[in-house]
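What follows is one structure encoded as structure tokens, with my remarks underneath.
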Amino acid sequence: MVQLFDFEKPIEQLVQKISELQKFSADKEIDLSQEVAVLEKKVAFLKKEIYGNLEPWQKAQIARHPERPNFYDYIPFLFEDFIELKGDRLFADDRSIAGGIALFHGIPVTVIAQVKGKGTKENIKRNFGMPHPEGYHKAIRLMDQAEKFGRPILTFIDTPGAACDLAAEERGQGEAIARCLQAMSGYSVPVISTIIGEGGSGGALALGVGNAVLMLENSFYSVIAPESCASILWKDTTKAKEAAAALKFTAQDLQRLGVADEIVREPLGGAHKDLRQTADELSQVISKYLVRLRSEKPEVLKEKRYQKLRAIGVYQENSKKTLGISEKDLTK
Amino acid sequence: MVQLFDFEKPIEQLVQKISELQKFSADKEIDLSQEVAVLEKKVAFLKKEIYGNLEPWQKAQIARHPERPNFYDYIPFLFEDFIELKGDRLFADDRSIAGGIALFHGIPVTVIAQVKGKGTKENIKRNFGMPHPEGYHKAIRLMDQAEKFGRPILTFIDTPGAACDLAAEERGQGEAIARCLQAMSGYSVPVISTIIGEGGSGGALALGVGNAVLMLENSFYSVIAPESCASILWKDTTKAKEAAAALKFTAQDLQRLGVADEIVREPLGGAHKDLRQTADELSQVISKYLVRLRSEKPEVLKEKRYQKLRAIGVYQENSKKTLGISEKDLTK
Amino acid sequence: MFKDIFRKKKYVTIQSAPMQKLGPSDASPKEPTTSKKELPDGLWAKCPKCGEVLFNKNLEENARVCTKCEHHFRISARGRLALLADENSFEEWDAELVSLDPLEFPGYQGKLMEAMEKSGTTEAVLTGQALLDGIPVVLVFNEADFMMGSMGSVVGEKITRAIEKAIDLRLPVVIFSTSGGARMQEGILSLYQMAKTSAALGRLAENHLLYISVLTDPTFGGVTASYASLGDIAIAEPNALIGFTGPRVIKQTMRQELPAGAQTAEFNQEHGLIDLIVGRAQMRSVLARLLRYHQEGAQYGATV
Amino acid sequence: MFKDIFRKKKYVTIQSAPMQKLGPSDASPKEPTTSKKELPDGLWAKCPKCGEVLFNKNLEENARVCTKCEHHFRISARGRLALLADENSFEEWDAELVSLDPLEFPGYQGKLMEAMEKSGTTEAVLTGQALLDGIPVVLVFNEADFMMGSMGSVVGEKITRAIEKAIDLRLPVVIFSTSGGARMQEGILSLYQMAKTSAALGRLAENHLLYISVLTDPTFGGVTASYASLGDIAIAEPNALIGFTGPRVIKQTMRQELPAGAQTAEFNQEHGLIDLIVGRAQMRSVLARLLRYHQEGAQYGATV
Ligand SMILES: [Zn+2]
Ligand SMILES: [Zn+2]
């Protein structure tokens, strides 16, 4: 059974009550349809109430849900064909990043995606979605080919962050990410980056330098994991909820801050409640941006991507101006 | 004392005889200057006779002489300044290939060189001059920078061959060499490759795609080590001498076959007999080619390097022609 | 002396037909993928992997893949061609190029003659242009039966010309490599064919044309260290042995025993060196999809 | 509330003089290179490596390098500037850029004020143009005393502007990094400064202009994963700690204890990530030689 979060339990309890009532009604042959109808309305209301007002920490939990669809789950719904291409040609094939050529709405595209595993065994194989330098090197290799052959690039982000172990340090994790950022910033083909789950820090950003940055409704994208942030700020990892709110990492926050271009709707309760519906929404939004970007000239795409990055940041330039910090300042 | 080869011993014996004679003459106060003069003439004659007619196998022995100058020995004589730059930015710094920026006759150049060690300890550190993939990756990185900044590239070849162990296989030795070949073939800056000692197979060739290929007089450059060739051909590694002759790998052979552009003279007996003299010759020849190449346009340099490679090879195209194999055919 | 051979064989465009004889490449398979043959020539072959005795006829019909365990037997250049190219679409190039003996290397002329007889071809590579599922492509195949596909002047020259022609025609290139490496008997000339073919592929890349390298059993030495490793996409046949230095030389030189499975296609993929492992039965369709997605007009670049 | 700070400090072009005070950066050095100070402020400092008690005055005169063991103490941005730039040659850029608190992050405003007081600067980076041994160059220095050199919007913007100006002026760029990484308190905005600075350096590279990255103790996180790792030439100070993830986090997250010497400059060089390790005393001359060899006119490109 699908794992439930505490905040979902009132809904589940009501749903159970309805099924009990229906069973009782059937067993005893008493008509309770009116009572059931009332309760079902209440469920619908509760769902909207709860899922429509999720706090950042709750969204993070949904984004990390063990059954949240990963990149491989979306493939059959997003692409007519997908040919996975492996390896960095230097050291290894990193299974926390998948890459290849796909046919998207009839157009050949290069796809790069972070992949968490389902279950312990696959998670170990995929290092829980945390790429090593070879993963980023593979991404650069395949994206360079997309540029060479004029193919648009779609990236899908879903990682707690880049691998943080001795092996990653030895093989230059920092430089691998930096090279990825630099490479992506220089392409003349359309680049669309979508955060489909967890967007963890530099490890996520490495695939996030898109002309368009899209976010699934319950994904999050953060400079630091809320637990780590709480640990640094309050020496207390249990305050992750407060940190999650402070970090402003939801899709809505990121749209407001000029990073995310569009939010892709998920079914109530999250993508795992209805994979096909989520994939269809995702497919439509990506397609919309792809059509738009493909109409631009290569040099314009590159320049606009640069200007998009260039505009991210909030600061005060004229020291004579009062330093009131308000919503207005976000317009720079 | 410098190690002597069997073929050098007649000279050494005569030299010893002279010094005995001189000692005797001094002790006994007898004038033997005439006899000494005769013997010294004979030494000079013998040196010319022996060193002037070295067989391929003897040259290979000189090229592999443990005291043969390596790249580091030449640095103070060739360059006004040398700044060594390390690492492939991916995995490791391979000490069997040194690279950096040098000032050569006042001109900044990028230098890439294979380096054998002197003595066991240094040889282990430098893997006996046999590069791993990271060595070739470093070379490509530094040569790419030379291209970026418009600096000529000087390579110095001295290796028994690329590393041939499991680690090399795991990290893609073949692809590393191939990428090096392809990179070098595409540069628009002047590239001068000099074989200063042993030019062993693909591991040597990886740095050998020059506009000009120079060879020290006693260096050799071969598709396979003579020992391995003998082992394959005659199942007998002691027949290396015969294999050495069959492989046509001396500087003279390579000039005839259209690979080497010029032979750099060594002192009689080999470079190790006089480092400074060898370095001076080397410096002059490289400088001559560098001046010539720097006067060419970038696109011409690239095209001419391609055409140089393009012309290497001997084959029969028109099947109606008789298949007599002779010196003439080498002109294609 | 060579004359007769050239008169006997007239290499003109040959028809490719799926059912034509694909051998005899593996009639005498080499170690280490296959053991010495124990069966009389022609009729049967024993699978070196599962031990099954197979009718050669059945083996041919199955693209020389064991019907029991899917072991991939070696296959001739023309056998591969027949499996891939659309019927009557192949136009062979440069068949008239033959090797000389520029170093007067002991025994080389005899070896060339033997190789011609054994392989029924004039050199260790077959090049030309064809349609693959309707898509025009330049195809190159090493011929294992010709001195174990080794690269001398002719192999280097034919491959280089094929690549240059692909640039002229703006076509993608697919090279199937099967080779022990550079051909010792042509010395430094063989060595520099590595640089020559790599340089030509560099030009192909500058022209934004696709190069798919298919590495088959065995690919080693100077071929691994040149054209075989420069593919935009690197495909290997299952279980093919691929490496720079052969296991015997590693053992002799370094006194290092390779672990089981080292240098297989799967090992190479694990180490990031191979994009795809594709069985012979799927090869044509995978190549067709890849070629199609790289056709001009399919991409962004051509639409603006 | 911030106003006073801006009135107090007027950042105009300051003179660089070799003997000026280089501190106070290391008055309270952070672990792990240095232990907690046990000595009263100002007069003495204890070397965390060899234990020697040093007069701060002597330490300053020796570029904050231990006179006994050559341990490199941390040094302020302006201290570095003084050691490198020719006298009176520095022109500061964008000093008026200051941080806001776009996320209204708990405690951030207070931290910014503290940092300004502690460091005597307005942000964690100092940028501008100078002559180094007569060679015009764009110089960027992280300021460790300002929130451990962390990168928020201002740091990213100042570095990006400096790089863009370098492109306009066709000048090389030298960046000295000292940073704990991206600044948590500006959330995603900080994260994207990594992409912004990397993109700007990409433009610099397309313009064939030199970028030398000098990594000093400590360089971690989002700074290692952006501008600090993109140098044409990567230089590190001896024994500087450089990495992506800090040793404490690796230990906590992976329960993995790093071996002795891990993440030092020397470790990084061993692993191929650093070109040169250069002591502070030699830094100016090494930079001058590298800059000179990259000056236009010195190269082939400019002579034809
Ligand atoms: Zn079988
Ligand atoms: Zn000390």
Side-chain angles (χ1 to χ4, degrees), chain B residues 79-95 97-104 106-111 125 132-135 137-138 141-142 144-154 171 187-192 211 290-291 293-301, chain D residues 133 135 170-173 201-215 224-225 228-236 242 244 265-278 282-283 285-304:
Chain B
F79 307 118
E80 293 103 74
D81 190 12
F82 175 68
I83 303 176
E84 183 163 352
L85 302 173
K86 294 190 174 176
D88 61 352
R89 303 284 180 93
L90 297 165
F91 184 79
D93 181 57
D94 187 330
R95 277 128 170 182
I97 291 190
I101 300 174
L103 211 59
F104 177 77
I107 301 160
V109 293
T110 284
V111 174
K125 183 175 130 186
H132 278 89
E134 46 272 27
H137 294 148
K138 170 165 72 173
R141 181 177 78 83
L142 295 176
D144 280 354
Q145 278 188 30
E147 173 79 359
K148 176 179 178 182
F149 296 112
R151 267 196 302 274
I153 297 167
L154 308 183
R171 298 199 291 275
Y187 295 134
S188 300
V189 295
V191 182
I192 299 174
N211 289 89
L290 188 59
V291 167
L293 292 170
R294 285 179 86 224
S295 72
E296 304 263 30
K297 288 213 169 66
E299 59 275 18
V300 173
L301 282 169
Chain D
D133 201 18
I135 308 162
R170 291 208 62 77
L171 290 182
V173 175
L201 287 169
R203 290 204 159 186
L204 190 79
E206 284 172 5
N207 279 275
H208 295 223
L209 291 166
L210 176 70
Y211 166 38
I212 300 177
S213 173
V214 186
L215 298 97
T224 300
S229 289
L230 294 170
D232 295 303
I233 298 170
I235 299 177
I242 300 156
F244 177 65
E266 295 72 16
F267 167 97
N268 277 281
Q269 187 170 49
E270 189 84 21
H271 287 285
L273 303 166
I274 296 291
D275 286 288
L276 288 164
I277 296 176
V278 178
Q282 290 76 44
M283 189 64 78
S285 84
V286 170
L287 288 177
R289 283 152 70 203
L290 288 170
L291 290 169
R292 189 158 290 119
Y293 301 156
H294 284 82
Q295 275 189 293
E296 296 192 341
Q299 313 97 310
Y300 167 74
T303 64
V304 284

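All values reported here derive from a predicted model rather than from experimental measurement.
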Is Leu210(D) close to chain B through its backbone or its side chain, or both, or neither, when contacts mean heavy atoms under 4.5 Å?
both
Residue that, paired with Asp275(D), satisfies side chain to side chain donor-acceptor pair (under 3.5 Å) out of Lys86(B), Lys138(B), Arg141(B)
Arg141(B)
Where does Glu134(B) contact chain D at under 4.5 Å (heavy atoms): side chain, backbone, both or neither?
neither
Ile233(D) side chain reached by Ile101(B) side chain, heavy atoms, under 4.5 Å:
yes
Taking Asp232(D), Asn268(D), Leu273(D), Ile274(D) one by one, which has the highest count of heavy-atom pairs under 4.5 Å against chain B?
Asp232(D)
Reported CD1-to-CG distance for the pair Ile83(B) and Leu276(D), which is rounded to 0.5 angstrom:
7.0 Å
Gap between atom CD of Gln295(D) and atom CZ of Phe149(B) - 0.5 Å precision
13.0 Å
With a 4.5 Å cut-off on heavy-atom pairs, point out which of Gly87(B), Gly100(B), Ala92(B), Ala146(B) contacts chain D the most.
Ala92(B)
Which one wins on heavy-atom pair count under 4.5 Å against chain D: Val109(B), Asp88(B), Asp144(B)?
Asp88(B)
Using the test ring pair (Phe, Tyr, Trp, His ring centres under 6.0 Å), find all partners of Phe267(D) that sit at least two apart in sequence or belong to another chain.
His271(D)
By side chain to side chain donor-acceptor pair (under 3.5 Å), which residues pair with Asn211(B), not counting sequence neighbours?
Arg305(B)
Short side-chain to backbone donor-acceptor contact, His208(D) and Lys148(B), under 3.5 Å:
yes
